[in-house]
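By convention in this document, chain letters (A, B, ...) are assigned in the order of the sequence lines, proteins followed by strands, and residues within each chain are numbered from 1.
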Protein chains: 4
Amino acid sequence: MAGSRPLRADAVRNRTKILAAAREQITRHGPDVPMDAIAEAAGVAVGTLYRHFPTKTDLVGAVIAEHSEIITGEIEAAAARVGEGSRAMAEITRLAERTVEASARDRSVKAAAQTLGAAHWTEQQEERFRGAMERIIAAAVSDGDLHPDVTVDDFLMLILTAPTDQEPAVRDRWLTLFLAGFTVQSRERNAGD
Amino acid sequence: MAGSRPLRADAVRNRTKILAAAREQITRHGPDVPMDAIAEAAGVAVGTLYRHFPTKTDLVGAVIAEHSEIITGEIEAAAARVGEGSRAMAEITRLAERTVEASARDRSVKAAAQTLGAAHWTEQQEERFRGAMERIIAAAVSDGDLHPDVTVDDFLMLILTAPTDQEPAVRDRWLTLFLAGFTVQSRERNAGD
Amino acid sequence: MAGSRPLRADAVRNRTKILAAAREQITRHGPDVPMDAIAEAAGVAVGTLYRHFPTKTDLVGAVIAEHSEIITGEIEAAAARVGEGSRAMAEITRLAERTVEASARDRSVKAAAQTLGAAHWTEQQEERFRGAMERIIAAAVSDGDLHPDVTVDDFLMLILTAPTDQEPAVRDRWLTLFLAGFTVQSRERNAGD
Amino acid sequence: MAGSRPLRADAVRNRTKILAAAREQITRHGPDVPMDAIAEAAGVAVGTLYRHFPTKTDLVGAVIAEHSEIITGEIEAAAARVGEGSRAMAEITRLAERTVEASARDRSVKAAAQTLGAAHWTEQQEERFRGAMERIIAAAVSDGDLHPDVTVDDFLMLILTAPTDQEPAVRDRWLTLFLAGFTVQSRERNAGD
DNA sequence: CATGAATGAGTGTTCATTCAT
DNA sequence: CATGAATGAACACTCATTCAT
């Protein structure tokens, strides 16, 4: 049940090293790190980078994919816990915290992705992400903990706009403000005019 | 006692043309527009760019400064209106909308600033911004429309994290969610655990 | 007294596949096709290419050799037919047509050979080529169909300079003009001065 | 009545140096000389090459254009001489000799042009070339020195297929054979079968 | 003071060749 | 003996910045 090709042991090792180096270099030096720098950090020649990832965009995309995979996994796990009786709203809050945390760690990678036009999610991942998230949201709404208008896209927005380049305290404050909207939505918007 | 140097009329004209061209080119083609492209769009030679702005970073910084100046001006105007009796919360809402709108228009410029490490605000501007905003916030709190914990930094966060690269509808939804936190803050945060 | 080494059946098969793939790839994509592309087209790994042909130049040389072998074979056949009574001049004309035709088909391979400095003929081939051609020429001259000054090198020149990258009609016109010189040579050359 | 832009004195000097260096380097080292090598030979930085010629193809094209210009000029001069009474066929012969000679000198440049897909003639040049050549041909035909079927394209073919990479003696022999076709065309083609 | 030609280090990417598996 | 991963020197081209005109 393995992938399409077995892939040699050393090739796998290199792929891992490259991804790690890419993540680290992009994080440390921003979206414009030369491929040469990533190669050197990975301890391989540039050609090897290009054998594994035909394009810089592809490499950055792969790093992003790893990141997205972790987030997707966590959401699925949360959905499972909700299915077993955990309170949905608590899971949402925790999810938001962890997700923002993870995004903060990889903020430069996201910047690189934006610069290069690499996709953040594969279609498959988005599907899994949406499925799990919908179940959690439905549960929280039926618990009366979540405003019924809240959608998966709102959560996606949360992930994408979190101030990942700020201090933890700032991020936390941001989360507090944003999550408030998930419970009560300002009925007074535009009201004062 | 005017500016440090008289600055000839045509020099002023050039400066203005350059700033306008820079804003337009960066907006149209992203943060990586060559200086040559900006020069051509401005109808001057590159050398002239470098006479006015010693560095690309300086030029982008100046463009950002213009943008920030407009925002700062609007906030000061809103503060003045509040002083004259306008309801503070309504001003905050309108301010948020206009600010996000303006940021959306200049999002590429912000990206350029980030890429180049140019500052978003001068100290002076931040001071004026904070002063005016504090007055508005205080009024809204005393009106009972705003949660007493809300600070100027919260508003700054709003400006900086708005999803400026999304469709207007998305930005609007985002604003609704975020502004909710300004009124009621989730007391239940972490409660479900 | 067979070849220097028995050469296993599958090795022969590989060699053939490689040569075919090389010819096709070079023809299709020009002289600069990567070795990898040839390897893939041949259904083998690059390493196998290098086992059979230590250098790209060697591979291209081998393809050219095949081509030259066909031409050499045709000339020998024509010489044989002349020996059996066929009119020599008719054979020369037909030979010219077929040779130019064949060269047109493999023009990219010739270009590749030039680019890489690969030889067009082996010494052995040239010897066979010259021998047969001399017999045909001698016959045509003694028939009174061919100008007595015509040499094997003239025919070689015909092969090498034919406009192989042009349309068939152009090639045909070219052949007509060039073959005229084989019969009558401009006595007036320089005469008008 | 100068060109569209005056172009600074030093820029003109550089353009000339670059063209000369390009011609020499391509001749010496073949069509694949790196731009860096040409730059170094010209005593300028690569950037300067690209300021004058946006593309390697453009540079090679410019070298070719110079070459074509010389040939075009010679043909026009010959046409003028014919108009003044010089015998047309003699001019054709001399033209063929000089043209092939010139092509031989710049053979590598032609190869480079082919490799890069650069055009050999500008439309304007081709028009001038064709006009002048037609006049010469018409005169030679009416003199009874040239076969009436000969066209400008035949002469173009002569230029393009001359064995420019061969020794002078070979080129001369080639020319003799080819020009024969201009006078008498083999009526016997295919006759012997 | 403006011009725009020149600079040259740097970028992503390719590809002939080698060699561990 | 085949495989295909790894190598690394090249290459065409870009662009912020400098400086002669």
Side-chain angles (χ1 to χ4, degrees), chain A residues 5-15 18 32-40 42-57 59 116, chain B residues 7-8 10-11 14 32-40 43-57 59 116, chain C residues 8 10-11 14 32-40 43-59 116, chain D residues 5-15 18 32-40 42-57 59 116:
Chain A
R5 283 174 224 176
L7 211 54
R8 263 203 253 161
D10 59 338
V12 176
R13 208 163 30 247
N14 269 345
R15 194 172 204 280
I18 290 168
D32 289 340
V33 251
M35 290 292 264
D36 283 19
I38 297 174
E40 193 182 3
V44 301
V46 269
T48 306
L49 252 62
Y50 282 92
R51 161 165 285 271
H52 287 274
F53 306 96
T55 273
K56 190 179 185 182
T57 301
L59 173 54
L116 292 166
Chain B
L7 210 54
R8 281 174 19 189
D10 62 335
N14 268 348
D32 287 340
V33 252
M35 290 294 261
D36 283 23
I38 297 174
E40 192 184 6
V44 300
V46 262
T48 308
L49 250 63
Y50 280 91
R51 170 160 300 276
H52 287 276
F53 306 96
T55 279
K56 190 179 185 183
T57 302
L59 173 54
L116 291 166
Chain C
R8 279 174 19 188
D10 61 336
N14 268 349
D32 288 339
V33 253
M35 289 293 264
D36 284 21
I38 297 173
E40 193 185 4
V44 302
V46 262
T48 307
L49 251 63
Y50 280 92
R51 169 162 300 275
H52 287 275
F53 307 95
T55 280
K56 190 179 184 183
T57 301
D58 291 325
L59 173 55
L116 292 165
Chain D
R5 279 174 226 175
L7 209 55
R8 264 204 254 160
D10 58 339
V12 177
R13 208 165 28 248
N14 269 344
R15 193 173 205 280
I18 290 169
D32 289 339
V33 251
M35 289 294 263
D36 283 20
I38 297 174
E40 193 181 5
V44 301
V46 267
T48 306
L49 251 62
Y50 282 94
R51 162 165 284 272
H52 288 274
F53 307 96
T55 274
K56 191 178 184 183
T57 302
L59 173 54
L116 291 165

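Across C:L59, C:I38, C:T48, a single residue satisfies side chain to side chain contact (heavy atoms under 4.5 Å, CB included) together with C:F53, and that is C:L59.
Picking from E:dT14, F:dT18, F:dA16 the nucleotide with the shortest atom distance to the side chain of B:V46 gives F:dT18. The listed nucleotides are F:dA16, E:dT3, F:dA12; the one nearest the side chain of B:M35 is F:dA16. You'll find that the side chain of A:R51 is closest to F:dA5, out of E:dA6, F:dA5, E:dT7. For C:A45, the side-chain atoms get nearest to F:dG4 when compared with the rest of E:dG8, F:dG4, E:dA16.
Rounding to whole angstrom units, CG of residue C:L59 and P of E:dC15 are separated by 16 Å. With rounding to whole Å, C:K56 atom NZ is found 15 Å from E:dT18 atom P. Look at CG on C:L49: it is 15 Å from P on E:dC15, rounded to the nearest Å. Atom CZ of A:F53 and atom C1' of F:dA5 are 14 Å apart (whole Å). One can place CG of A:D36 at 10 Å from C1' of E:dT13, the figure rounded to the nearest angstrom. For the pair B:N14 CG and E:dT3 C1', the interatomic distance rounds to 12 Å; values are reported in whole Å. Separating the NE2 atom of B:H52 from the C1' atom of E:dA2 is a distance of 9 Å, rounded to the nearest angstrom. Here the C1' atom of nucleotide E:dA2 and the CD atom of B:E40 are 16 Å apart, to the nearest Å.
Between B:N14 and B:H52, the shortest heavy-atom distance links the atoms CB-NE2, 3.8 Å.
Comparing A:T55 and C:T55, the nucleotide of DNA chain E nearest to each residue sits closer to the 5' end for A:T55. Nearest-nucleotide positions on DNA chain E for A:Y50 and A:G47 put A:Y50 closer to the 5' end.
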Given Watson-Crick or G-U pairs with both distances under 3.5 Å, what dot-bracket string fits DNA chain F, with | for other-strand pairs and [ ] for crossing?
.||||||||||||||||||||
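Under the side-chain contact (heavy atoms from CB on, under 4.5 Å) criterion, D:Y50 pairs with D:M35, not counting sequence neighbours. A:V46 meets the side-chain contact (heavy atoms from CB on, under 4.5 Å) test with A:D36, A:A39; sequence neighbours excluded.
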